[in-house]
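Only one structure is covered here, and it is reproduced in the block below.
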Amino acid sequence: MSRLPSRPPGRFGPAELRLALAAPRPAAGLTSEWRLVAGLRTHTRRSAEPTSGRTPVVLVHGLAVSHRYLTRLAVALAASQPVYVPDLPGFGLTARPGSAYDVGRHAAHLAAWLAEYRLPPVCLVGHSFGAEVAAALAARHPEAVRALVLAGPTSDPAARTRRGQVGRWLLDALREAPWQVPILLRDVLDARPWRVYASLSHSVRNAVEADLVRVTAPTLVLTGERDTLVPRSWRDEAARLVPGGRAASVPGAAHNVLTTAPTQAAEAIHGLLSLTPTR
């Protein structure tokens with residue numbers, strides 16, 4: 001396990017909040033677009049200027065949220081990589097199907113999204129519940145994934161119940177930047193509380209270990225050092241399950257490491273890509 005350079009996580013205040021809530025308006029080099037994917041109108045926040053010849057980075061959001069809280073990381077990456085942040089079915093600005101998708105259905109939709117965009121093998125970065133989706137996609141479609149980053153992957157078998165996850169999340173919330181709250185409220189309203197609850201139920205029923213052992217892409221498991229949802233023991237176990245997997249932590253950050261420490265996260269992603277041969 002490696003510990004990334006020690007410096008305080010980035011500031012998250014009113015300016016960062018305005019940027020996160022900007023879509024669908026263009027902002028900081030990011031634009032919005034919609035495409036019909038598997039019959040569902042799917043929103044993607046993406047870098048406006050293509051960087052040809054570079055591996056695309058696809059950011060996959062977690063439970064109850066959307067592209068919004070990943071905006072700062074997308075901006076940090078966009079200077080050197082093409083970046084795409086799709087909203088999963090039912091979340092953010094994507095259309096809302098009548099039922100909440102489980103991990104497998106989200107992974108299938110994301111695979112269809114990749115086919116629609118005709119991207120070369122990508123660096124797939126999933127956070128929290130999105131890490132479960134990313135692991136499922138990488139396990140089932142290895143040809144589509146050049147590198148994999150699992151940031152704060154849920155859920156730790158030691159607390160794989162709705163009560164266990166909510167309890168850990170409440171504790172983690174005390175360690176997060178408070179300006180993230182308006183983003184969460186907006187995202188929950190978009191998704192509807194029933195979908196959030198159903199998605200949590202899908203998460204705690206998902207045996208992510210079965211996907212981790214099938215991943216073949218070079219993989220980094222990244223967490224905040226103060227993350228209560230994903231303690232060190234589960235982070236290290238998740239990395240051990242992936243053949244050749246590595247673990248790293250960001251000092252000072254809690255569960256939303258991609259939101260509050262985008263510079264460190266971008267450096268970790270670039271570091272993984274520098275060690276990964278192109279296909």
Side chains of [X] and [Y]: does their closest heavy-atom pair fall under 4.5 Å?
X	Y	result
T216	P243	no
V65	L184	yes
P121	E143	no
L110	V60	yes
R246	L275	yes

Considering all heavy atoms of both residues, which atom of [X] and which atom of [Y] are nearest to each other, and what is their separation?
X	Y	value
T55	P82	O-CD, 3.9 Å
S32	A23	OG-CB, 3.6 Å
V221	A238	CG2-C, 4.2 Å
A248	L220	CB-CD1, 3.9 Å
L137	A111	CD1-CB, 3.6 Å
S203	F129	CB-CD1, 3.7 Å

TODO: Hey, can you tell me if H109 and Y101 have their rings parallel, tilted or perpendicular (30° and 60° cut-offs)?
DONE: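 The arrangement is perpendicular - the two ring planes meet at more than 60°.
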
TODO: Let me see the working for L77 and H270 under side-chain contact (heavy atoms from CB on, under 4.5 Å), right down to the final yes or no.
DONE: CA-CA 9 Å; L77 290 165; H270 288 142; 3.8 Å; yes

TODO: Can you spot which of V208, V230, L212, L222 makes a side-chain contact (heavy atoms from CB on, under 4.5 Å) with L150?
DONE: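 Answer after filtering V208, V230, L212, L222: L212.
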
- [ ] Apply side-chain contact (heavy atoms from CB on, under 4.5 Å) to the pair V57 and V125, showing each step before the final yes or no.
- [x] CA-CA 7 Å; V57 179; V125 181; 3.9 Å; yes

Look at the side-chain heavy atoms of Ile, Leu, Val, Met, Phe, Trp and Tyr, link any pair under 4.5 Å apart, and say whether [X] and [Y] land in one connected group.
X	Y	answer
L258	W179	yes
L93	Y117	no
V181	V166	no
V122	L273	yes
L229	L200	yes

Please check if the side chain of [X] supplies one atom and the backbone of [Y] the other of a donor-acceptor pair under 3.5 Å.
X	Y	value
D156	A159	no
W234	A158	no
D187	S66	yes
S47	V83	yes
S274	L272	no
T94	G90	no
R195	P97	yes
R192	L189	yes
R72	T259	yes
Q165	S155	no

Open item on the list: Would R45 and Y84 count as a cation-pi pair here, with the cationic atom under 6.0 angstrom from the ring centre and within 45° of the axis?
Closed with: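 Negative - R45 is either too far from the ring of Y84 or too far off its axis.
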
- [ ] Examine the side chains of S201 and R162 and answer whether a donor and an acceptor come within less than 3.5 Å of each other.
- [x]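 Their side chains do contain a donor-acceptor pair, which is all the 3.5 Å distance test asks for.
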
- [ ] Using distance alone, with no hydrogens and no angle criterion, decide if E132 and T154 have a side-chain donor and acceptor under 3.5 Å apart.
- [x]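 A pair is found: one side chain offers a donor N or O, the other an acceptor, under 3.5 Å apart.
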
Open item on the list: Strictly below 4.0 Å, N to O, side chains only: are E33 and R35 in salt-bridge contact?
Closed with: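 So E33 pairs with R35 through a salt bridge.
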
Open item on the list: For D190, is there an ion pair with R186 - N to carboxylate O distance below 4.0 angstrom?
Closed with: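 A salt bridge links R186 with D190.
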
Between [atom1] on residue [X] and [atom2] on residue [Y], distance to nearest 0.5 Å:
X	Y	atom1	atom2	result
H202	S99	NE2	OG	7.0 Å
S249	R232	OG	CZ	7.0 Å
R235	E237	CZ	CD	12.5 Å
E16	T260	CD	OG1	11.5 Å
T31	R46	OG1	CZ	6.0 Å
D87	R96	CG	CZ	11.5 Å

Open item on the list: Just checking H127 against H255, ring centres under 6.0 Å apart?
Closed with: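 When the ring centroids of H127 and H255 are compared, they turn out to be within the sub-6.0 Å range.
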
Task: Distance flag, aromatic centroids of Y69 and H61, threshold under 6.0 Å - done: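 No - the distance between ring centres of H61 and Y69 does not fall below the 6.0 Å cut-off.
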
Task: CH2 (W34) with more than 12 external heavy atoms under 6.0 Å - done: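 It does: W34 CH2 has more than 12 such atoms within range.
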
